[in-house]
Amino acid sequence: MFFRYLLNMLQLLLSPRRGWEDIAVCDTDPAKLLRRGFVPLILVTSLTCLPELWYHSGASVVGVVESMIGCFVKFLVSYYVAGFCFSLYVPACTGGELSPDKNHTFILYSLGLLCVFNILTNLLPMVPDMLYLLPIYVLFIMWRAISYMEIVFDGVMKFMILCVGAVIVPPFLFQYLFNLIIPS
């Protein structure tokens with residue numbers, strides 16, 4: 001299940017429209033996708049904080065463990081925040097219909113892409129500024145999911161604002177809050 005989840009994300013990166021079409025055909029249970037796909041991915045993402053010990057001379061083991069916990073928590077809490085926001089606001093974008101399975105699948109894949117980009121930034125000793133623009137590509141991939149999510153024409157702008165506010169912003173906001181709480 002984990003490798004199929006990663007392959008679907010790779011296809012979303014290479015061809016977003018086809019990726020969402022394949023995910024629609026796949027029809028995976030979101031609870032199983034969460035347990036066997038997303039949670040292992042955020043565990044791997046949090047483990048990629050370890051190279052900070054080698055890259056930065058001032059890094060301590062305690063600080064890296066705190067970073068790993070913060071990384072895990074920010075993505076897991078972001079999933080639940082996004083799920084709550086989607087349950088409230090997606091019916092306005094779909095003409096009154098709510099599909100919890102599609103909502104959660106969409107959120108899991110979108111946050112999974114952010115995890116993959118976080119893995120890239122964690123593994124590099126110095127992050128090029130261009131990598132900070134990758135969430136914009138995730139937004140493009142979310143936009144290509146309009147047919148998968150069955151968004152009506154009038155709800156596209158609301159849906160995209162919801163995607164930014166509920167899926168993309170929370171991990172960065174939680175990371176910012178953790179950086180305030182946990183001294184480096």
Side-chain angles (χ1 to χ4, degrees), residues 1-46 48 71-94 97-122 131-151 155-176:
M1 180 66 140
F2 179 69
F3 294 109
R4 189 170 72 192
Y5 178 64
L6 291 178
L7 286 174
N8 284 341
M9 280 195 299
L10 178 65
Q11 186 165 4
L12 283 174
L13 287 170
L14 298 176
S15 175
R17 185 178 60 204
R18 289 295 303 233
W20 287 116
E21 289 171 0
D22 288 348
I23 290 169
V25 170
C26 192
D27 195 32
T28 306
D29 178 33
K32 193 181 292 186
L33 191 63
L34 174 68
R35 285 190 315 269
R36 296 184 184 165
F38 185 65
V39 171
L41 180 64
I42 58 177
L43 282 171
V44 169
T45 305
S46 64
T48 60
C71 186
F72 181 83
V73 169
K74 80 176 178 184
F75 284 113
L76 192 62
V77 172
S78 293
Y79 166 72
Y80 289 108
V81 167
F84 175 72
C85 292
F86 268 59
S87 68
L88 292 178
Y89 298 112
V90 163
C93 303
T94 60
E97 296 182 23
L98 177 67
S99 175
D101 287 349
K102 280 187 179 182
N103 290 346
H104 290 289
T105 302
F106 173 79
I107 293 166
L108 287 169
Y109 279 105
S110 301
L111 282 174
L113 291 170
L114 290 175
C115 285
V116 169
F117 295 147
N118 197 357
I119 289 172
L120 283 174
T121 58
N122 285 347
L131 283 183
Y132 292 116
L133 296 175
L134 288 176
I136 295 172
Y137 186 60
V138 173
L139 188 63
F140 171 75
I141 293 171
M142 291 174 167
W143 175 69
R144 297 303 272 176
I146 288 172
S147 60
Y148 170 74
M149 294 294 290
E150 299 174 6
I151 304 299
V156 173
M157 188 58 74
K158 292 177 199 172
F159 178 70
M160 294 313 296
I161 292 170
L162 177 65
C163 287
V164 169
V167 179
I168 292 181
V169 169
F172 293 103
L173 180 65
F174 289 130
Q175 183 65 49
Y176 177 74

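When reading the values below, keep in mind they use all heavy atoms of this one structure, side chains included, and skip hydrogens, waters and symmetry mates. All residue numbers in this chain count up from 1 along the given sequence.
- Around atom CE of Met1, more than 12 heavy atoms belonging to other residues, nucleotides or ligands sit under 6.0 Å away.
- For His104 and Tyr79, the ring centers sit closer than 6.0 Å to each other.
- Taking the side chain as every heavy atom from C-beta outward, Pro16 and Tyr137 approach each other to under 4.5 Å.
- Of all heavy-atom pairs between Leu108 and Pro30, the closest is CD1-O, 3.5 Å.
- Between Cys93 and Ile151, the shortest heavy-atom distance links the atoms O-CG2, 3.5 Å.
- For Phe174, the ring pair (Phe, Tyr, Trp, His ring centres under 6.0 Å) test picks out no residue, with sequence neighbours left out.
- Considering only heavy atoms from C-beta on, Met149 stays 4.5 Å or farther from Thr94 through its side chain.
- Within the 4.5 Å cutoff, the side chain of Cys26 has heavy atoms near those of the Arg4 side chain.
- Note that CG of Leu14 and CD1 of Ile141 are 9.0 Å apart. Values are rounded to the nearest 0.5 Å.
- With sequence neighbours excluded, no residue satisfies side chain to side chain donor-acceptor pair (under 3.5 Å) with Glu21.
- Put simply, the side chain of Pro40 does not reach to within 4.5 Å of the side chain of Tyr5, judged on heavy atoms.
- Side-chain contact between Tyr109 and Leu33 is present, with at least one heavy-atom pair separated by less than 4.5 Å.
- Atom-to-atom distance recorded for Trp20:CH2 and Leu12:CG is 5.0 Å, nearest 0.5 angstrom.
- Take Phe159 and apply the ring pair (Phe, Tyr, Trp, His ring centres under 6.0 Å) test, not counting sequence neighbours, and it matches Phe106.
- Met9 approaches Gly112 most closely through the heavy-atom pair SD-C, 3.3 Å.
- Remark: Phe72 CZ is packed, more than 12 non-hydrogen atoms of other residues, nucleotides or ligands lying under 6.0 Å away.
- Within the model, atoms CD1 of Ile168 and OG of Ser78 stand 11.5 Å from one another, a figure rounded to the nearest 0.5 Å.
- Considering only heavy atoms from C-beta on, Pro171 comes within 4.5 Å of Leu111 through its side chain.
- Taking a 6.0 Å sphere around CZ of Phe84, one finds it holds 12 or fewer heavy atoms contributed by other residues, nucleotides or ligands.
- For the residue pair Ala166 and Ala82, the shortest heavy atom distance occurs at O-CB, 3.1 Å.
- The shortest non-hydrogen separation linking Cys71 to Thr45 is SG-CG2, 3.6 Å.
- In this structure, CD1 on Ile42 lies 8.0 Å from CG on Leu34, to the nearest 0.5 angstrom.
- A heavy-atom distance below 4.5 Å is not found between the side chains of Thr28 and Thr105.
- For the atom pair CD1 of Ile107 and CZ of Phe38, the computed distance is 10.0 Å after rounding to the nearest 0.5 Å.
- In this structure, Tyr176 places its OH atom where only 12 or fewer heavy-atom neighbours from other residues, nucleotides or ligands lie under 6.0 Å away.
- Proximity of Ile119 to Leu41: side-chain heavy atoms (C-beta onward) are separated by under 4.5 Å at one or more points.
- Ring pair Phe140/Trp143 is tilted by interplanar angle, where 30° to 60° counts as tilted.
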*Take Cys85 and Leu162 through the test side-chain contact (heavy atoms from CB on, under 4.5 Å) and record every step on the way to the result.*
CA-CA 8 Å; Cys85 292; Leu162 177 65; 4.1 Å; yes

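- The CG atom of Asp22 sits 12.0 Å away from atom CZ of Arg17, with the distance rounded to the nearest 0.5 Å.
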